[in-house]
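In what follows, a structure is listed as structure tokens, so that the remarks can point back to it.
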Amino acid sequence: MADTIVQRFQGKVALVTGGASGMGAESSIRLAREGAAVAVVGLPDDPRGDDVVQQITDAGGQAIYVGADVSREADCDAAAQAAVDAFGRIDLCIAAAGILHADYVSGEVSEADLTPDRSAGYIINKPVEYWEKVLSVNMTGVMLTNRAAARRMIAHGDGGSIVNISSGAAKIPMPGNAEYSVSKTGVWMLTRVLALELAPHNIRVNTVAPGVIDTPMAMALSQDEARRAAFERFVPLGRLGEAEDIAEASLFLLSDQAGYITGQILHPDGGIFTG
Ligand SMILES: NC(=O)c1ccc[n+]([C@@H]2O[C@H](COP(=O)([O-])OP(=O)(O)OC[C@H]3O[C@@H](n4cnc5c(N)ncnc54)[C@H](O)[C@@H]3O)[C@@H](O)[C@H]2O)c1
């Protein structure tokens with residue numbers, strides 16, 4: 001018997017940042033499979049974005065790729081407007097765009113990912129531009145994305161649902177990468193504030209805070225077999241997470257099944273940040 005896919009998002013339109021790769025790409029594909037039309041948002045000229053759209057349209061879904069730098073207000077507005085121009089409205093939003101550090105390039109392993117000496121990244125040693133860059137993408141970018149989407153949800157008046165991708169680093173301090181931890185804690189608080197501000201419009205806002213997930217961001221770990229095996233011994237469920245694990249958690253929070261849940265944080269992390 002053929003699998004029947006539940007169509008939780010039939011007739012809905014989704015805006016997904018970080019959509020060219022990793023969790024954002026997987027979430028876009030799954031949203032489309034369940035009936036949503038998806039504006040896949042990523043850095044301009046990221047070739048992976050077209051692949052995601054192609055996968056969606058080949059499977060019979062609807063998607064467009066929109067190039068935008070989420071740290072720029074005009075780009076976030078243009079991306080949200082592109083979704084409305086293409087599909088008529090926005091109902092759902094996942095803000096997954098993010099960087100691990102100021103030199104992070106998704107899909108590449110940098111020196112900073114490999115060095116065992118974290119002290120170069122300590123606050124007392126680091127250029128302030130590093131701090132500003134990470135906060136501008138990971139925190140300001142989420143705020144700009146959220147409000148560009150929320151304004152359009154308010155315009156149609158049928159409510160909506162937003163999921164912001166934070167991190168276990170919001171809970172556990174990361175020496176040598178304060179700006180990442182601070183940005184992800186900021187996303188958590190931003191989510192809670194927005195949940196209250198947008199509740200009168202029936203717009204729910206929640207956070208997903210992943211553990212360590214096998215995406216381009218964790219490449220330095222996942223490609224080194226010995227390091228990966230050593231790390232996995234610390235995960236109570238015994239494995240790295242997959243982009244699918246995060247997409248499933250995000251889609252649950254976006255869906256009507258989570259219709260009474262807002263301002264919350266969900267930790268799909270295999271239990272690693274539980275203790
Ligand atoms: N992989 C992990 O272990 C892990 C753990 C916890 C949280 N996260 C968070 O998950 C989210 C998704 O990351 P991922 O793991 O899928 O890695 P990823 O590198 O595949 O995804 C991040 C995406 O954001 C895009 N991006 C970066 N800067 C941008 C900008 N200024 N404007 C627009 N897009 C930009 C990248 O090009 C990339 O497509 C990030 O917010 C990350 O911080 C990842």
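Just so you know, ligand 1 is whichever comes first in the structure, and atom 1 is the first atom listed for that ligand. In this text the structure is predicted, and so the values were computed from the model without any measurement.
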Under a strict 4.0 Å criterion on non-hydrogen atoms, which protein residues are in contact with ligand 1?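 Contacts of ligand 1 under 4.0 Å: Gly18, Ser21, Gly22, Met23, Leu43, Asp46, Arg48, Ala68, Asp69, Val70, Ala96, Ala97, Gly98, Ile99, Tyr104, Ser106, Val137, Ile165, Ser166, Ser167, Tyr180, Lys184, Pro210, Gly211, Val212, Ile213, Thr215, Pro216, Met217.
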Looking only at heavy atoms, which two atoms of [X] and [Y] are closest? And how far apart?
| X | Y | answer |
| --- | --- | --- |
| Ala247 | Arg30 | CB-CD, 3.7 Å |
| Ala20 | Asp46 | CB-OD2, 3.6 Å |
| Pro210 | Ile246 | CB-CD1, 3.6 Å |
| Ser27 | Leu251 | O-CD1, 4.1 Å |
| Ile56 | Gln62 | CG2-N, 3.8 Å |

Under 3.5 Å, is there a donor-acceptor pair between the side chain of Asn164 and the main chain of Trp188?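 Not confirmed, Asn164 side chain does not pair with Trp188 backbone.
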